[in-house]
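So the structure is just underneath, and the comments pick up after that.
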Amino acid sequence: MLVALQLLGADDVDLIPEDVLGEPAAPTEDARATAPASRLSRQLFFEDALTLSNLRDVVVPFPPPLPPRWQDRASFDARLRGTPASSLAFTLSDRVNVFVQSGQDVASRSTVRNDLREASVGWQPHPAVDLEVGRIDVRNGVALGFNPTDFFKTRTLVGQASLDPSVIRQNRLGTLMVRGRASWSAGSASVAFAPRLTSPSPIIEHDPLGVSPHLAATNAAPRVLATLGFEVLDLAPQLLGYYEPGRAKLGLDLSRPIGGAVVVYAEWAGGPEQNLVARAIGFGKRTGTLPDAAPIVPPSDTATAFRNDVAAGLSWTIATKVTLNVEYHLHEAGLGHDAWNNWFDLGGAPGAPAALANELWYVRAYANDQQEPMTRHQVFVRASWPRAFTSDLELSAFAFVDAADGSVLGQAAASYYLSKRWTASLFVSGNLGAARSERGSFPERVSSIAQLTLYL
């Protein structure tokens, strides 16, 4: 999920552990965030991120334009939460970005992008009941690398420096919806309804002003999500039911502490659907990106069948406050060994038409846009050290390992809090593996991002 694909592109169960929540570069609330007023809390900051990428030749030609060799993103970010009355609350979260990069005219329509992440109003008629309407980022799931039960994650990616999934899910587009929640001594329940407002947009939207709210991505189908959480045997289970036309899913989240340093967790989602390739090609045809006569490539069964998604792992916090997460991910709709061989054989054959290679890469862009794995089996490892050596330094690293070919997407990150207002961060990401492997077939070999943040 490096820039190559990005260009082609209670109710909330807390992530485990808590110290990975939010963006790594954000300052701690007690020392660095803007102090909230009596009824208003705010966080305002400017950010500049410079990306340098090392590109390589790939087996299946990447459709033009190639990922930029350098890119600079300047952003202004605002997050506001207020309670104008005891039973009323509002949330506003927005980011304005200006992109300048190699191979792109500064006057391009891709130069400016506004990401309206959240804009909602909430009402609490009873201490145990609350209602909310607006653009809301609903997050579900207990795993870090892949969340099968996080049904509203699709088509919500925004530009940011970190590829860490635990960071991405804290900084993404919400969905316009109405949500009601209730809690009681033994559990909680919620229902969310997101209406269909327009037809689905292509993966790459063409907004001449860059200020679209992207409702064609988040509200292109009516969607309903119901959750029920309760306490039993220290497992904290949450049951979920999700529906949209043509797709229905059931889900289950579980987590359990073992001692004071280890938490085991798992989440499952399952339901009838086509596999990833068939869904990608169908979406490309519906949105006009692919011609109606486009074949299913790599060749794939188009039947609808019950398919499972699983993420299971553990979190271990060591005495030094280093937290290690290890997870296994199963995505039955993803590509297996034979499908990957076909992907390379078809796209890398001498004289293969460019349209075929474009379609093969489109499947990968669709998977990235949906935030689901391309492959069926993978392992995810993450380590974080919030106060490394000094209270002002934060270190983290993660790796996705493809269980079939051993290729790796990895990232190491370091954030240093220069003062209460300034943070400097460095992110180094790489796609490692053989030329005919999932990660080794990306045009980007290594990307480095230097980021500077000023909090107001």
Side-chain angles (χ1 to χ4, degrees), residues 1-6 8-9 53-63 66-67 143-146 148 163-165 275-281 296-301 307-313 325-350 352 356-383 397-412 428-447:
M1 294 189 298
L2 290 176
V3 176
L5 280 189
Q6 289 176 341
L8 288 174
S53 298
N54 176 260
L55 306 183
R56 61 186 166 196
D57 294 331
V58 291
V59 174
V60 179
F62 191 81
L66 287 173
L144 268 70
F146 170 47
L163 299 177
D164 191 327
N275 65 26
L276 173 63
V277 174
R279 284 188 284 118
I281 301 304
I296 303 293
V297 291
S300 174
D301 180 11
R307 304 183 194 276
N308 296 284
D309 289 322
V310 175
N325 287 79
V326 181
E327 298 176 3
Y328 163 72
H329 301 158
L330 166 67
H331 182 45
E332 277 194 331
L335 274 65
H337 180 71
D338 292 340
W340 273 115
N341 283 338
N342 287 332
W343 196 90
F344 291 110
D345 290 342
L346 290 169
L356 179 60
N358 291 351
E359 187 174 342
L360 291 168
W361 277 106
Y362 182 84
V363 174
R364 301 183 77 162
Y366 174 84
N368 185 66
D369 196 47
Q370 296 291 305
Q371 296 192 60
E372 62 183 273
M374 268 292 293
T375 195
R376 288 183 186 171
H377 305 278
Q378 66 181 8
V379 175
F380 174 76
V381 180
R382 185 184 190 275
F398 74 84
F400 286 97
V401 183
D402 188 298
D405 58 34
S407 62
V408 176
L409 166 62
Q411 175 184 277
V428 179
S429 308
N431 287 299
L432 310 175
R436 287 175 61 96
S437 67
E438 180 190 2
R439 301 300 180 180
S441 58
F442 277 99
E444 288 180 299
R445 188 193 309 272
V446 177
S447 289

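Along the sequence shown, the residues carry numbers beginning at 1. Atom set for the values below is all heavy atoms of this structure, side chains included, hydrogens, waters and symmetry mates excluded.
Side chain of Trp340 to backbone of Thr375: no donor-acceptor contact under 3.5 angstrom is found. A donor-acceptor pair is defined here as one N or O able to donate and one able to accept, closer than 3.5 Å; no such pair exists between the side chain of Arg439 and the backbone of Gly406.
Contact record, Ser441 with Arg56: N-NH2, 4.3 Å, taken as the closest heavy-atom pair. Summarising the geometry of Phe344 relative to Ala435, their closest heavy-atom pair is CE2-O, 3.8 Å, with the distance given to 0.1 Å. Closest approach of Gly336 to Arg376, counting heavy atoms only: N-NE, 3.7 Å. Shown here for Leu346 and Leu356, the closest heavy-atom pair between the two residues is O-CD2, 3.6 Å. Closest non-hydrogen pair, Pro148 versus Asp309, comes out as CB-CB, 3.6 Å. Between Ser447 and Ser53, the shortest heavy-atom contact is OG-OG, 3.0 Å.
In this structure, Gln378 CD and Asp405 CG are separated by 11.0 Å, a value rounded to the nearest 0.5 Å. In this structure, His331 NE2 and Leu276 CG are separated by 5.5 Å, a value rounded to the nearest 0.5 Å. The CG atom of Asn431 sits 11.5 Å away from the CD atom of Gln411 when rounded to the nearest 0.5 Å. Taking CG from Leu432 and CZ from Arg445, the interatomic distance works out to 9.5 Å, rounded to the nearest 0.5 Å.
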Full working for salt bridge (Lys or Arg N to Asp or Glu O under 4.0 Å) between Arg382 and Asp164: CA-CA 9 Å; Arg382 185 184 190 275; Asp164 191 327; 2.7 Å; yes
side-chain contact (heavy atoms from CB on, under 4.5 Å) assessment of Glu444 paired with Leu55: CA-CA 5 Å; Glu444 288 180 299; Leu55 306 183; 3.6 Å; yes
From CA spacing to verdict: side-chain hydrogen bond (donor to acceptor under 3.5 Å, both in side chains), Ser407, Glu438: CA-CA 6 Å; Ser407 62; Glu438 180 190 2; 4.9 Å; no
Test side-chain contact (heavy atoms from CB on, under 4.5 Å) applied to Tyr328 and Phe146, step by step: CA-CA 9 Å; Tyr328 163 72; Phe146 170 47; over 6 Å; no
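By the 30° and 60° cut-offs, the orientation of the rings of Phe380 relative to His329 is parallel.
Each of Val363, Asp301, Val297 was evaluated against Val277; a single residue qualifies, Val363, per the side chain to side chain contact (heavy atoms under 4.5 Å, CB included) test.
Counting only residues at least two apart or on different chains, the salt bridge (charged side-chain N to carboxylate O under 4.0 Å, His left out) pairs with a member in residues 326-347 are Asp345-Arg436.
Looking at heavy atoms from C-beta onward, Tyr366 lies out of side-chain contact with Ile281 at the 4.5 angstrom threshold. In this structure, the side chains of Pro298 and Leu335 come closer than 4.5 Å at one or more pairs of heavy atoms. Here the side chains of Phe398 and Asn325 are not in contact, with every heavy-atom distance at 4.5 Å or above. No side-chain heavy atom of Pro67 sits less than 4.5 Å from a side-chain heavy atom of Phe442. Counting heavy atoms from C-beta on, the side chains of Pro443 and Val58 come closer than 4.5 Å.
Scanning for side-chain contact (heavy atoms from CB on, under 4.5 Å) contacts around Asn358 gives Pro63, with sequence neighbours left out.
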